[in-house]
Amino acid sequence: MSRHQLGDELERRGISRRDFLGFCASMAAVLGLPDTATNAIAAAVENEARPILIWLEFQDCAGNTESFLRATHPTVADLILDSISLNYHETLMAAAGSQAESVRQRTVRDNVGKYIAVVEGSIPDGADGGYCTIGGRSALDIAREVCGGAAATIAVGTCAAFGGIPAAAPNPTGALSVADAVPGVKNLINMSACPANAENITALIVYYMTLKQWPPLDQYRRPLFAYGKTIHDNCERRAHFDAGQFVEAWGDEAHRHGQCLYKMGCKGPATSQNCPVVKWNEGTNWPIGCGHPCLGCAEPNFWDTMTPFYQRLPEVVGFNVGKWIDPVGLSLVGLAAAAAAFHGIGEVARHHLGKTRPIEDKAGSEK
Ligand code: SF4
Ligand code: SF4
């Protein structure tokens with residue numbers, strides 16, 4: 001789509017040039033780029049060829065597809081996402097059966113090393129892959145074929161990134177993450193969360209279109225722009241945590257006044273994502289903003305390590321809050337807390353959770 005065509009499409013959808021540039025500025029903000037990056041983003045979105053995407057959907061609830069398509073009214077982001085070439089998406093494409101399979105095979109064959117594989121859902125290897133088959137082939141087989149020929153693979157959602165709910169103990173289907181199912185996959189990027197935030201998916205693609213490379217990643221192969229800080233770092237209730245003002249029961253006065261949800265089980269200190277900044281539903285609100293604790297959905301094995309959801313994390317000490325937080329409720333793992341420096345709280349809490357295993361970096365990192 002040329003700049004002229006994009007302009008026409010924006011006008012047809014009632015999106016002004018000012019709104020378009022506002023979107024590009026918001027993408028720069030999500031990505032942590034300076035304002036001066038706005039023009040470069042606008043030029044890339046207007047002029048660069050859209051990447052070819054092959055979207056594989058395996059063992060999941062389709063929540064990431066819903067997130068990706070979730071807009072309630074036309075936005076610039078919709079336009080950009082609509083414009084991306086989704087050559088194969090099992091939920092969205094009109095083709096079915098052998099016709100659909102041949103589209104995928106042809107796209108892979110004709111674009112080896114050029115397309116982006118997007119994987120949604122975990123990949124089961126139990127029963128010789130028999131728990132998830134498409135067109136007579138196992139998800140494992142298809143993932144290895146498609147991810148193996150991709151320029152990059154984006155694992156959207158915690159199921160694809162870390163196994164997610166299907167991999168929760170006792171993991172009856174042998175559910176695997178992309179990293180475990182396709183060892184050595186090139187340029188793997190994990191966009192974890194349940195579901196992944198559409199703003200972050202959009203920002204990742206805009207980053208790639210603008211800079212022709214993938215963003216820096218954390219130890220779990222998640223982009224630092226979205227996962228570089230904990231929920232706790234940016235939480236709007238943080239002042240209440242520091243002041244020792246905690247909700248003790250649903251609907252109590254502290255809850256009605258928007259105080260800290262740590263004692264109600266909030267996993268924000270052990271969870272990295274930009275929810276407090278980007279929020280959900282086009283920036284309308286986010287779980288803690290609504291009075292509900294963070295469940296830790298962006299973290300590896302959260303279904304096993306972050307439960308029971310409404311029991312508090314092991315004591316998080318720092319900012320003089322240790323003296324405020326009573327020592328009850330440590331049944332999650334029963335470990336004493338260690339002192340934590342400001343940016344170390346998430347790591348300390350994560351280590352003290354004990355059950356969160358580090359993800360081995362089985363994926364390649366070629367850029
Ligand atoms: S514990 Fe949860 S609610 Fe409290 S400040 Fe941290 S992230 Fe926010
Ligand atoms: S606030 Fe926590 S549980 Fe909610 S979406 Fe963000 S990371 Fe997931």
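Numbers here are sequence positions counted from 1. In listed order, ligands and their atoms are each counted from 1.
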Pick from Leu217, Asp218, Asn190: which one makes a side-chain contact (heavy atoms from CB on, under 4.5 Å) with Tyr227?
Asp218
Gln273 heavy atoms within 4.0 Å reach ligand 2 at atoms 6 (Fe), 7 (S)
Test of ring centre spacing under 6.0 Å for Trp214 and Tyr207
no
Ligand 2 atoms nearer than 4.0 angstrom to some heavy atom of Cys294 are 1 (S), 2 (Fe), 3 (S), 7 (S)
Quick one: does Ile288 get a heavy atom under 4.0 Å from ligand 2?
no
In ligand 2, the atoms that come under 4.0 Å of a heavy atom of Thr271 are 7 (S)
I'd like to know if atom 6 (Fe) of ligand 1 has an N/O/S atom from Cys266 within less than 2.8 Å of it, counting both backbone and side-chain atoms.
no
I would like to know whether Trp286 and Cys235 meet side-chain contact (heavy atoms from CB on, under 4.5 Å); could you show each step before the answer?
CA-CA 10 Å; Trp286 68 298; Cys235 181; 4.1 Å; yes
salt_bridge(Glu253, Arg256) N-O dist < 4.0 Å
no
Of Ser272, Pro269, Pro276, the residue whose pairing with Thr230 passes side-chain contact (heavy atoms from CB on, under 4.5 Å):
Ser272
Considering the heavy atoms of Arg237, write down every atom of ligand 1 situated less than 4.0 Å from one of them.
5 (S)
Going by the atom numbers of ligand 2, which of them fall below 4.0 Å from some non-hydrogen atom of Leu295?
2 (Fe), 3 (S)
Closer than 2.8 Å to atom 8 (Fe) of ligand 2, do we get an N, O or S atom from Cys297, backbone or side chain?
yes
Closest heavy-atom approach to atom 1 (S) of ligand 2 among Cys235, Pro195, Pro287, Gly268 is made by Pro287
The atoms of ligand 1 lying under 4.0 Å from a heavy atom of Arg238, numbered in the order shown, are 5 (S)
Write the atom name of the N, O or S atom in His232 that is nearest atom 6 (Fe) of ligand 1.
ND1
Numbered in order shown, the ligand 1 atoms found under 4.0 Å of a heavy atom of Leu261 are 3 (S), 4 (Fe)
Could you tell me whether the side chains of Thr38 and Asp35 share a donor-acceptor contact shorter than 3.5 Å?
no
Which heavy atom of the protein is the closest neighbour of atom 4 (Fe) of ligand 1, given with residue, atom name and distance?
Cys260 SG, 2.4 Å
Under a 4.5 Å cut-off applied to non-hydrogen side-chain atoms, are Pro51 and Met209 in contact?
yes
Please report which non-hydrogen protein atom sits nearest to atom 6 (Fe) of ligand 2, along with the residue it belongs to and the distance in Å to one decimal place.
Cys275 SG, 2.4 Å
